Amino acid sequence: SSRNQEESDTAGVVEEKVVKVNGDIAIRRYNKGRFLGKGGFARCYEFTSLETRKIAAAKVVPKASLAKARAKQKLMSEIKIHRSLHHPNIVSFEHFFEDNENVYILLELCTNQTMNELLRRRKRLTELEVQCYLMQIISGMKYLHSHRVIHRDLKLGNFFLSDKMEVKIGDFGLATKLEHDGERKRTICGTPNYIAPEVLDGKQGHSYEVDVWSLGVVAYTLLVGKPPFETSDVKTTYRRIRMNAYSFPDHVPLSEQSKSLITRILVNDPSKRPSLDEMLDHEFFHQGNSIPKLLPPSTLACPPSSSFLRQ
Ligand SMILES: CC[C@@H]1C(=O)N(C)c2cnc(-c3ccc[nH]3)nc2N1C1CCCC1
């Protein structure tokens, strides 16, 4: 009820009842701190464990919003998939529990928010920065795909930035796990932002290639400053995607390598798109002052753009 919602909205301590193996009940307490924002049905806060003093980013999902089976299944699927993932470029899933009012999901705190905020501040990034961020995202996606997980909603708002500006892929609310190789998914609920044409077309199902498509949209958006198919109306955007109607604006100086990479990825036939490894082999990642190939991407803090770095 709204009164409970109000109560749980005030600052305070959240208690988790833990049943021990010998049947004793232990209580874990968390301090509910700063409001971080809304994410779907959830209100998100900093949670500090009073036991370990560790701070997490918590999604607090009111059980009232889980009354419908579909919403409950979606949340359980998100938890089941996310808690099984462990990689430096995937948001780490710390813990989850419930009380009478809410389900609590505790996630890695990413104090530099998401790449959405980064791009909003910067208008657009240098090619060197985009190389560096994309390498980390591809590293996380190689891990996901090798575990048969398709994210299906890769977008700047789901790329979280740690205090060290490392990229962490988050929000597995639309993710799916393939049960066997070659399986093709038929449906997607929700409105993935950078939706691939085969998902719109819906005839031959979709698979890992939808995540590769999204990467093309992400690369274009970071380098140009706005998404390739964006219009004021969703239907028009979908038509542009189906028509593959995008172009590189004249006023944005883009290298041939950048345009070539994006053009290679944004093809409507999913079987013609590069694999993640083929993307990393593209000249875009080896142009100019390229990043030493030997260092794992996650150990690289992406160089902030400044005049002498601007190509
Ligand atoms: C908890 C939900 C979501 C999230 O999934 N993570 C990992 C996250 C991490 N740090 C933060 C964060 C730390 C400092 C500011 N935000 N935020 C995260 N969010 C935001 C909260 C509001 C909308 C999405």
Side-chain angles (χ1 to χ4, degrees), residues 5 8-12 14 16 30-49 52-63 65-66 71 74-99 101-122 133 136-137 139-141 143-144 149-177 190-194 211 214 218 221 298 301-302:
Q5 177 68 35
S8 66
D9 261 8
T10 55
V14 171
E16 174 191 0
Y30 302 87
N31 175 60
K32 188 174 85 171
R34 178 163 74 106
F35 178 65
L36 300 178
K38 283 182 70 63
F41 288 125
R43 290 173 66 79
C44 308
Y45 300 85
E46 283 187 354
F47 264 38
T48 306
S49 159
T52 66
R53 305 305 307 168
K54 209 166 163 335
I55 308 183
K59 285 170 92 162
V60 180
V61 183
K63 285 187 166 173
S65 72
L66 299 173
K74 212 165 113 59
L75 185 69
M76 296 321 287
S77 164
E78 174 179 345
I79 291 172
K80 183 162 180 263
I81 290 176
H82 198 166
R83 66 192 294 221
S84 70
L85 306 173
H86 303 87
H87 185 275
N89 297 115
I90 304 280
V91 164
S92 84
F93 186 102
E94 321 265 345
H95 184 49
F96 81 106
F97 64 94
E98 60 182 291
D99 63 13
E101 283 90 31
N102 304 301
V103 174
Y104 302 86
I105 300 173
L106 273 57
L107 300 166
E108 177 177 8
L109 191 72
C110 300
T111 47
N112 283 304
Q113 292 181 298
T114 78
M115 293 193 73
N116 240 350
E117 288 76 42
L118 175 70
L119 190 68
R120 207 174 288 145
R121 268 198 318 273
R122 295 277 310 285
Y133 286 123
Q136 295 178 62
I137 294 166
S139 179
M141 281 176 57
Y143 172 85
L144 283 185
V149 172
I150 317 174
H151 187 283
R152 303 205 294 186
D153 194 16
L154 294 173
K155 58 181 180 180
L156 297 182
N158 286 338
F159 298 142
F160 293 88
L161 293 164
S162 70
D163 50 338
K164 288 181 287 194
M165 291 302 275
E166 287 164 315
V167 179
K168 312 268 179 179
I169 299 169
D171 193 342
F172 289 82
L174 287 181
T176 187
K177 187 166 168 98
T191 51
N193 275 268
Y194 303 164
D211 283 345
S214 303
V218 163
T221 308
S298 67
C302 295

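Everything numeric here is computed off the predicted structure, so don't read it as measured data. Indexing begins at 1, ligand by ligand and atom by atom, following the structure's order.
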Numbering as shown, the atoms of ligand 1 that approach [X] to under 4.0 Å (heavy-atom distance):
X: Arg34; value: 14 (C)
X: Val91; value: 7 (C)
X: Lys59; value: 1 (C), 2 (C)
X: Gln113; value: 15 (C), 16 (N)

Residue portion contacting ligand 1 (non-hydrogen atoms closer than 4.0 Å) for [X]:
X: Lys168; value: neither
X: Arg43; value: neither
X: Leu36; value: both

- Query: So Phe47 and Tyr45, would you call those rings parallel, tilted or perpendicular, with 30° and 60° as cut-offs?
  - Reply: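 Taking Tyr45 first and then Phe47, their aromatic rings sit tilted (interplane angle of 30° to 60°).
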- Can you say whether the rings of His87 and Tyr143 are parallel (under 30°), tilted (30 to 60°) or perpendicular (over 60°)? tilted
- Message: Against ligand 1, does Glu46 come closer than 4.0 Å with any heavy atom?
- Response: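 Heavy atoms of Glu46 never come under 4.0 Å of ligand 1.
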- Message: Between ligand 1 and Asp171, can you find any atom pair, the residue atom being a heavy atom, that is separated by under 4.0 Å?
- Response: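 Asp171 does not count as a contact of ligand 1 under the 4.0 Å cut-off.
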- Message: Cys110 versus ligand 1: do any nitrogen or oxygen atoms come within less than 3.5 Å of each other?
- Response: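 Indeed, backbone or side chain, Cys110 has an N or O that close.
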- Item | Criterion side chain to side chain contact (heavy atoms under 4.5 Å, CB included) on Arg121 and Leu118, from CA distance to verdict | CA-CA 5 Å; Arg121 268 198 318 273; Leu118 175 70; 3.7 Å; yes
Do [X] and [Y] come close enough that some side-chain heavy atom pair is under 4.5 Å?
X: Gln113; Y: Leu161; answer: no
X: Met165; Y: Tyr133; answer: yes
X: Asn89; Y: Ile137; answer: no
X: Leu107; Y: His82; answer: yes

- Among non-hydrogen protein atoms, atom 18 (C) of ligand 1 lies closest to Phe160 CE2, 3.5 Å
- For atom 23 (C) of ligand 1, what's the nearest protein heavy atom and its distance? Lys38 O, 3.6 Å
